[in-house]
Amino acid sequence: MQDLFGNNQRYLTLEEIIAEYGKEAIDFIPKEGNVFGFWMQTLADIQFLDLELSGLTKSYSIDTLNYKVNLNGDNEFVRNRIAHLDLVNSKPTLYSYLIDLFEDTNAYAFHNLYPYKGKFYPRLVRTLINTFNLKEGNLILDPYNGCGTTTHEASLMGIESVGIDINPIGNIISDLKNELIFIDEKVFDVNTSVLIRVFGQLENKKLNVKNDVLKKLFYLLYFDTKDAFVRTSRYNRKGLEGLFIEKFNYIKDCYYKTKKFLNDWNINYKKAIIKEGNVLDLKSVSLKEESFDAIITSPPYYFSLDYVGKDNIAYDYLNEIGFFNYNMEDVKNEYLGMKVKSNVNAKRLIEKKVVTYFEDLEKSVNEMVKVLKTGGKIAIAIGDSTLDGNKLPTTKKTHDFCIKNGLKHIRSVFNPLLGARNRAIRGESILIYSK
Ligand SMILES: C[S@@+](CC[C@H](N)C(=O)[O-])C[C@H]1O[C@@H](n2cnc3c(N)ncnc32)[C@H](O)[C@@H]1O
């Protein structure tokens with residue numbers, strides 16, 4: 001093509017344009033100093049970074065234009081703890097090491113052991129532990145511990161914790177996360193032909209494995225495999241056995257990587273205490289008043305979310321082999337807001353459930369405040385429930401209950417759920433208080 005003066009002119013190709021701007025981008029993304037993590041995506045992440053820094057160090061400033069943080073003082077401690085920086089003093093943080101090792105920004109160590117509804121993401125727990133500047137010697141509680149995200153993350157940070165939940169399957173998962181790392185390497189070294197035999201035994205409900213921890217792991221992986229086949233035909237080509245083997249090998253890989261991580265960073269993994277119990281009566285699980293330095297938790301907030309139903313394969317199986325004895329309906333009835341007699345019509349029933357839910361939520365805040373030390377900190381992740389397309393003011397109510405129970409509000413962060421296509425789920429708030 002010729003320009004106005006008859007000179008030959010050539011437009012840059014797309015590759016050339018990208019290469020040209022790319023040169024600039026290489027310098028634009030900082031490689032030195034205290035650099036933001038690439039996983040930071042929202043304004044909430046900047047707020048979380050700020051909260052973490054406020055707990056971990058006295059003086060700092062955040063430079064959002066250059067994706068950097070200015071720090072003074074002993075930065076090695078910050079490097080070992082922070083969950084929102086990639087580099088500190090130009091060296092990879094423990095967190096970026098961890099996610100590089102597992103090639104995932106959240107599913108590291110045994111966090112991805114088994115799918116559980118309404119699960120925390122581990123980075124949030126780590127951030128809150130940092131915000132409260134908790135260390136070895138402190139004690140953390142999660143009275144809605146679910147599948148143990150809080151307790152496992154505390155363990156990985158060498159901090160003691162207690163997890164309470166009403167859901168027996170959740171407690172099995174939390175306990176396994178606690179125990180797996182202590183299994184002997186030789187026991188974990190199971191090859192494919194043994195796994196095929198194990199799978200056959202599981203199918204016949206006659207699992208013959210000596211190690212109790214490994215046995216529980218096999219059960220869970222088996223339920224997860226069966227459940228995957230009920231929900232989708234995606235795995236048909238792999239077959240049940242193939243998927244089971246794949247899942248076991250994934251956990252085996254997590255086991256070696258977690259060992260390496262703990263060794264490389266010299267971390268003393270602290271086993272958590274996992275107990276079955278009801279948050280509405282923490283005394284009955286022997287929790288003493290004023291005994292916890294911090295509570296990090298998330299109550300159930302979706303009426304629509306069936307936390308128990310998904311596990312029917314597990315309940316049927318474990319009841320049948322006599323591993324435990326639970327009626328799923330009884331477990332459901334212990335849930336927040338579910339203890340309502342069903343001798344009323346459907347509309348009245350749901351109204352009663354909403355009222356009972358808020359009464360229970362208030363009672364649970366009251367119970368939590370009792371066991372928290374004076375000066376202790378509490379973080380609650382909660383979102384607004386949706387019922388028949390209507391929003392319930394769950395977040396506002398939770399805040400009111402906290403204030404009514406004498407807690408001092410420190411900060412709230414709204415954490416949007418990126419990519420949500422459903423009006424019911426936009427995100428959740430992290431409400432933070434001190435006693
Ligand atoms: C939003 S989930 C918490 C998930 C958890 N943060 C995790 O990462 O797995 C809410 C949990 O509250 C538990 N729950 C509901 N009612 C309870 C009650 N009355 N007492 C104790 N736990 C209860 C459920 O079993 C569920 O595990």
Side-chain angles (χ1 to χ4, degrees), residues 106-107 109-129 140-156 161-178 220 272 274-285 287 295-311 314-315 326 328-340 353 356-368 371 378-385 394-395 398 415 417 425 427-431:
N106 267 305
F110 297 112
H111 280 300
N112 221 14
L113 180 62
Y114 188 81
Y116 192 83
K117 277 201 176 153
K119 171 164 140 174
F120 263 155
Y121 59 104
R123 183 164 64 248
L124 177 62
V125 176
R126 184 168 288 256
T127 299
L128 293 166
I129 290 178
I140 303 172
L141 170 69
D142 187 348
Y144 295 100
N145 195 39
C147 66
T149 313
T150 303
T151 42
H152 191 43
E153 195 62 12
S155 301
L156 291 167
S161 63
V162 177
I164 311 284
D165 205 284
I166 204 77
N167 185 324
I169 305 294
N171 291 330
I172 294 175
I173 306 166
S174 305
D175 240 343
L176 255 184
K177 288 179 183 169
N178 241 350
L220 280 188
I274 307 296
K275 284 187 181 185
E276 184 179 311
N278 194 321
V279 66
L280 301 178
D281 187 7
L282 291 179
K283 226 198 232 156
S284 71
V285 268
L287 299 195
I295 297 178
I296 296 173
T297 198
S298 172
Y301 54 88
Y302 283 114
F303 282 93
S304 50
L305 208 61
D306 184 358
Y307 290 95
V308 185
K310 182 201 157 290
D311 290 322
Y315 280 90
Y326 284 99
M328 239 168 78
E329 286 309 309
D330 292 344
V331 175
K332 267 191 204 170
N333 286 336
E334 291 284 312
Y335 268 55
L336 239 60
M338 291 300 172
K339 232 188 218 128
V340 178
K353 276 191 179 166
T356 313
Y357 171 82
F358 283 120
E359 283 170 3
D360 284 355
L361 191 59
E362 178 166 16
K363 173 100 195 347
S364 88
V365 170
N366 185 271
E367 286 289 291
M368 289 194 266
V371 299
I378 174 163
I380 304 177
I382 187 102
D384 290 333
S385 347
T394 323
T395 310
T398 309
N415 195 21
L417 212 107
I425 314 162
E428 59 185 5
S429 291
I430 318 299
L431 310 177

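No experiment lies behind these values; they were computed from the predicted model shown. We count ligands from 1, going down the list as the structure has it; atoms in each ligand are counted the same way. Side chains are part of it too, since the values below use all heavy atoms of this structure and drop only hydrogens, waters and symmetry mates.
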Open item on the list: Parallel, tilted or perpendicular: which one describes the rings of Tyr315 and Tyr326, with boundaries at 30° and 60°?
Closed with: perpendicular
Task: Tyr116 side chain near Asn167 side chain, heavy-atom distance below 4.5 Å - done: yes
Open item on the list: Looking only at distances, can you tell me whether any N or O atom of Ser298, backbone or side chain, sits closer than 3.5 Å to an N or O atom of ligand 1?
Closed with: no
Task: Flag, side chain of Ser298 to backbone of Lys119, donor-acceptor distance under 3.5 Å - done: no
Open item on the list: Quick check: Pro299 and ligand 1, any N/O pair under 3.5 Å apart?
Closed with: no
TODO: Flag the pair Ile295 / Pro143 as yes when at least one side-chain heavy-atom distance between them is below 4.5 Å, and no otherwise.
DONE: yes
Open item on the list: I want to know if ligand 1 touches Phe120 in the polar sense, i.e. an N/O pair below 3.5 angstrom.
Closed with: yes
Open item on the list: So for ligand 1, is Asp165 a polar contact partner (N or O within less than 3.5 Å, distance only)?
Closed with: yes
Task: Close-contact set for ligand 1 against Pro143 heavy atoms, below 4.0 Å - done: 21 (C), 22 (N)
TODO: Check Ser364 against ligand 1 and report side chain, backbone, both or neither, counting heavy atoms closer than 4.0 Å.
DONE: neither
TODO: Check each of Tyr144, Tyr301, Tyr121, Tyr335 against atom 24 (C) of ligand 1 and report the one with the nearest heavy atom.
DONE: Tyr335
Task: Flag for Glu276-Asn171: side-chain donor and acceptor within less than 3.5 Å - done: no
- [ ] With heavy atoms of Gly277 as the reference, note each atom of ligand 1 found under 4.0 Å away.
- [x] 20 (N), 21 (C)
Task: Enumerated ligand 1 atoms positioned under 4.0 Å from heavy atoms of Asn167 - done: 25 (O)
Task: Under 3.5 Å: N/O of Cys147 near N/O of ligand 1 - done: yes
Task: Distance-only N or O hit between ligand 1 and Tyr116, under 3.5 Å - done: yes
- [ ] May I ask whether Leu280 has any heavy atom positioned less than 4.0 angstrom from an atom of ligand 1?
- [x] no
Open item on the list: Pairs of nitrogen or oxygen atoms closer than 3.5 Å, one from Lys119 and one from ligand 1: do any exist?
Closed with: no
Open item on the list: Closer than 3.5 angstrom, by distance alone: can the side chain of Asn145 be matched with the main-chain N or O of Asp165 as a donor-acceptor pair?
Closed with: no
- [ ] May I ask you to decide if Gly163's main-chain N or O and Asp142's side chain share a donor-acceptor pair within less than 3.5 Å?
- [x] no
Open item on the list: Given 3.5 Å as the limit, does a donor-acceptor pair link the side chain of Glu367 with the main chain of Leu282, or not?
Closed with: yes
- [ ] State the atoms of ligand 1, each with its element, that fall below the 4.0 Å cut-off from a heavy-atom position in Leu336.
- [x] 16 (N), 19 (N)
Task: Sidechain-backbone polar pair: His111 side chain, Asn106 backbone, donor-acceptor under 3.5 Å - done: no
Open item on the list: Among Thr149, Leu141, Ile430, Thr150, exactly one meets side chain to side chain contact (heavy atoms under 4.5 Å, CB included) together with Ile296. Which residue is that?
Closed with: Thr150
Task: Proximity of Asn145 to ligand 1 by residue part, where a heavy atom lies under 4.0 Å - done: backbone
